Protein chains: 2
Amino acid sequence: MNQKTPSTPTAANDTVEALRLDRQLCFALYGAANRVTRLYRPLLEALGLTYPQYLAMLVLWEASPRTVGALGEALDLESSTLTPLLKRLEAQGLVERKRDPDDERRVIVALTSTGLALREQARRVPEQLLCRLDLPLEELGDLRERLKTLAV
Amino acid sequence: MNQKTPSTPTAANDTVEALRLDRQLCFALYGAANRVTRLYRPLLEALGLTYPQYLAMLVLWEASPRTVGALGEALDLESSTLTPLLKRLEAQGLVERKRDPDDERRVIVALTSTGLALREQARRVPEQLLCRLDLPLEELGDLRERLKTLAV
DNA sequence: TGATATTAAATCGTGCACGATTAAATCGTC
DNA sequence: GACGATTTAATCGTGCACGATTTAATATCA
């Protein structure tokens, strides 16, 4: 243990207290995110998707031809993260990537028929996960709203 | 857009709805975790720490000689994640790693005096972050408690 | 029109995060 | 006391996530 008598008691105690509270806060978020990812993993394995890939597919299932930039905005991710992820989805035949003829700086990402069909396979993922989460539904909605307001 | 008239309207709508709700839930957590990490980044850069390294240091500042296993339990991380992270902290002179003489399977991680001293530098990080988060304090506590119950 | 600025995606290097595997030490039971 | 089972870290390969930089295309305006 690190409990030595400090030369400046109150300042040291303040430090300890500040770092402890902070820890509880960022720890909870960090751990929850990791745990949820782990919870999804076995469900998504059946679909051949990782967790971030699943999120990208969710976005595409809502509106399919999207530019990389629009996807990045929806997912809050940089192109340096998305480009390799999309290439892996393309390698699996789930999406197609092609330059926008109207503006060749843009790359348009579109679901293939395979990618569209995968939505049916993914249909039961949410409820399966909710079972594993084992949390009242209303709490989930509440939690979601609070998370949305976090660090905008 | 993907709005074709479905052959089985209700089932298809159910799928859409299920995936939409799920998205809101996992998206919020995923995005919040990424955003908070980004928020910490500039603050921690001054300390020469990454966000996971900071969390590991927080744990060590609370109780310094700890085994890798104990750290992993506190952080909810595997040795495959921790070992390289701890090696980087060791390379920076913040921690020391040595085999436990009583059980040579274990590796004991201890703060160096430099690592202990860094706590003073880190003292103001929590309040700086809270300012940037710009969220009522009570909401944070509430959020933290809910996150803790998530996916245990 | 032609130089300059801006935009969009890709590339590169660093650091997580995990599962699977490995290597070594210790434990249990006989 | 030996030997199989268990425990503990480390290693390896894959896939994010980001900042910084690069490349190419488009926009701007003197």
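Below, chain A is the first sequence line, B the second, and so on; all start at residue 1. Computed from a predicted model, the values in this text were never measured in an experiment.
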Checklist entry - Taking protein heavy atoms under 4.0 Å as touching, what does nucleotides 13-22 of chain C look like 5' to 3' if B marks base contact, S marks sugar-phosphate-only contact and - marks none? => result --SSBBBB--

Show me the donor-acceptor pairs, under 3.5 Å and distance only, between side chains in residues 41-53 of chain A and residues at least two apart or in other chains.
unit_1  : atom_1 : unit_2  : atom_2 : d
A:Thr50 : OG1    : A:Gln53 : N      : 3.3
A:Tyr51 : OH     : B:Cys26 : O      : 3.3
A:Gln53 : OE1    : A:Thr50 : N      : 3.1

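- Applying the 4.0 Å criterion to OP1 and OP2 of C:dA9, one finds that A:Lys98 has every side-chain N and O outside that range.
- Applying the side chain to side chain contact (heavy atoms under 4.5 Å, CB included) test to A:Arg146 and every residue at least two apart in sequence or in another chain returns A:Asp142, B:Glu139, B:Asp142, B:Leu143, B:Arg146.
- Each of B:Leu82, B:Asp100, B:Val68 was evaluated against B:Val107; a single residue qualifies, B:Val68, per the side-chain contact (heavy atoms from CB on, under 4.5 Å) test.
- Partners of A:Thr112 according to the side chain to side chain contact (heavy atoms under 4.5 Å, CB included) rule, which considers only residues two or more places apart in sequence or in another chain, are A:Glu96, A:Thr114.
- Every residue meeting the side-chain hydrogen bond (donor to acceptor under 3.5 Å, both in side chains) condition with B:Tyr40, not counting sequence neighbours, appears here in chain and number order: A:Asp22.
- Note on A:Thr37: nothing from the nucleic acid sits closer than 4.0 angstrom, heavy atoms only.
- Phosphate contact (OP1/OP2 of D:dA9, side-chain N/O of B:Thr67, threshold under 4.0 Å): present.
- Separating the CG atom of B:Leu82 from the C1' atom of D:dT8 is a distance of 13 Å, rounded to the nearest angstrom.
- Judged as a salt bridge (Lys or Arg N to Asp or Glu O under 4.0 Å), the pairs with a partner in residues 82-93 of chain B (not counting sequence neighbours) are, in order, B:Glu90-B:Arg97.
- Every residue meeting the salt bridge (Lys or Arg N to Asp or Glu O under 4.0 Å) condition with B:Arg105, not counting sequence neighbours, appears here in chain and number order: B:Asp103.
- Within residues 99-108 of chain A, the residues approached by DNA chain D to less than 4.0 Å at the level of any non-hydrogen atom are A:Asp103, A:Glu104, A:Arg105, in residue-number order.
- In this view, A:Arg66 and A:Val59, A:Leu60, A:Ala63, A:Ala70, A:Leu71, A:Ala74 satisfy the side chain to side chain contact (heavy atoms under 4.5 Å, CB included) rule, not counting sequence neighbours.
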